[in-house]
Amino acid sequence: MPKPRRKTAFPPDDTLFAVRQRKPVPHEFVLDALAPLSPRTRPMFGCLAIYVEDKIVLILRNKDKPDQTTDNGVWLATTEEHHQSLRRDFPSMRSIKVLGKKVTGWQVLPSDAEDFEEAALRSCELVLAGDPRIGKVPGARRAKASMKAAKKRAR
């Protein structure tokens with residue numbers, strides 16, 4: 001025989017069932033431009049990372065807190081050896097400041113630059129063309145952790 005259900009005097013708390021709202025995709029036109037490559041996205045650093053095949057190519061950032069807007073825009077995954085040639089294509093490009101280093105592999109096309117949308121779309125054209133200056137294959141995190149564990153065991 002089933003137990004009688006207890007009646008609650010108040011309705012259930014709706015916050016238990018609330019669906020968390022996703023943040024809007026920053027600079028969504030970039031994803032539209034890269035659509036022919038079927039890019040994948042993942043959250044990274046509070047931003048949106050874009051992967052094409054095994055490479056991370058871009059990060060889209062648009063923080064709205066006044067003290068965090070400096071590096072808003074499109075981040076290019078590149079290496080220091082390509083900075084000079086990329087700067088010819090993107091005069092407003094600079095190193096990311098939020099990482100604290102003077103020069104980093106990550107470069108930003110700042111969203112407050114006059115040519116931002118044009119530059120962002122040009123970076124998409126380079127990615128679509130397979131330009132080797134943009135994109136990095138990320139290192140495996142787990143491999144590094146397992147190597148550290150193996151070294152400790154060897155001691």
Inter-residue atom distance S123.OG - L34.CG, 0.5 Å rounding: 7.5 Å
L31 side chain reached by P39 side chain, heavy atoms, under 4.5 Å: yes
Would you list the atom pairs, donor with acceptor, under 3.5 Å between side chains in residues 127-134 and any protein atom, with sequence neighbours excluded?
| unit_1 | atom_1 | unit_2 | atom_2 | d |
| --- | --- | --- | --- | --- |
| D131 | OD1 | R133 | N | 2.8 |
| D131 | OD1 | R133 | NE | 3.0 |
| D131 | OD2 | R133 | NE | 3.2 |
| D131 | OD2 | R133 | NH2 | 2.9 |
| R133 | NH1 | S85 | O | 3.4 |
| R133 | NH1 | S85 | OG | 3.3 |
| R133 | NH1 | D89 | OD2 | 3.3 |
| R133 | NH2 | D89 | OD2 | 2.8 |

Side chains of V108 and S95 in contact at under 4.5 Å (non-hydrogen atoms): no
Verify same cluster id: L121, I50 (apolar side-chain graph, 4.5 Å): yes
Test side-chain contact (heavy atoms from CB on, under 4.5 Å) on L48 and I59 and set out the steps. CA-CA 5 Å; L48 190 67; I59 288 182; 6.0 Å; no
Any V25 side-chain heavy atom under 4.5 Å of T41 side chain: no
Quick one, L76 and W106 - any side-chain contact, counting heavy atoms below 4.5 Å? no
Would you indicate whether the side-chain heavy atoms of V57 and K136 approach each other to under 4.5 Å? no
State plainly whether one hydrophobic cluster holds both V52 and V74, where clusters connect Ile, Leu, Val, Met, Phe, Trp and Tyr through side-chain heavy atoms under 4.5 angstrom apart. yes
Strictly distance-based, threshold 3.5 Å: is any side-chain N or O of R40 a donor or acceptor partner for the main-chain N or O of E53? yes
Mind checking whether T70 and I96 have side chains closer than 4.5 Å, heavy atoms only? no
pair W75-Q107: side-chain heavy atoms closer than 4.5 Å: no
Walk me through it: do R61 and Q68 pass the test side-chain contact (heavy atoms from CB on, under 4.5 Å)? CA-CA 10 Å; R61 183 179 197 267; Q68 296 180 352; 4.2 Å; yes
Using atom types as modelled and distance alone, determine if a side-chain donor or acceptor of H83 lies under 3.5 Å from a backbone N or O of T104. yes
Is there a path of hydrophobic side-chain contacts, each under 4.5 Å between heavy atoms of I/L/V/M/F/W/Y residues, joining V98 to M93? no
If you round to the nearest 0.5 Å, how far is CG of D71 from CG of L109? 11.5 Å
Would you say H82 and E80 make side-chain contact, with heavy atoms under 4.5 Å? no
For T69 versus P66, what's the shortest heavy-atom pair and its separation? OG1-O, 3.5 Å
Who passes ring-ring contact (aromatic ring centres under 6.0 Å, His included) against H27, sequence neighbours left out? F116
Which heavy atom of S92 sits nearest a heavy atom of D115, and at what distance? OG-OD1, 3.4 Å
For A120 and V30, work out which heavy atoms get closest and say how close. CB-CG2, 4.2 Å
Report yes or no: does N62 contribute a side-chain atom to a donor-acceptor pair with the main-chain N or O of N72 at less than 3.5 Å? no
Return the minimal non-hydrogen interatomic distance between M44 and Y51, and the atom names on each side. CE-OH, 3.2 Å
Of all heavy-atom pairs between T78 and G105, which one has the smallest distance, and what is that distance? CG2-O, 2.9 Å
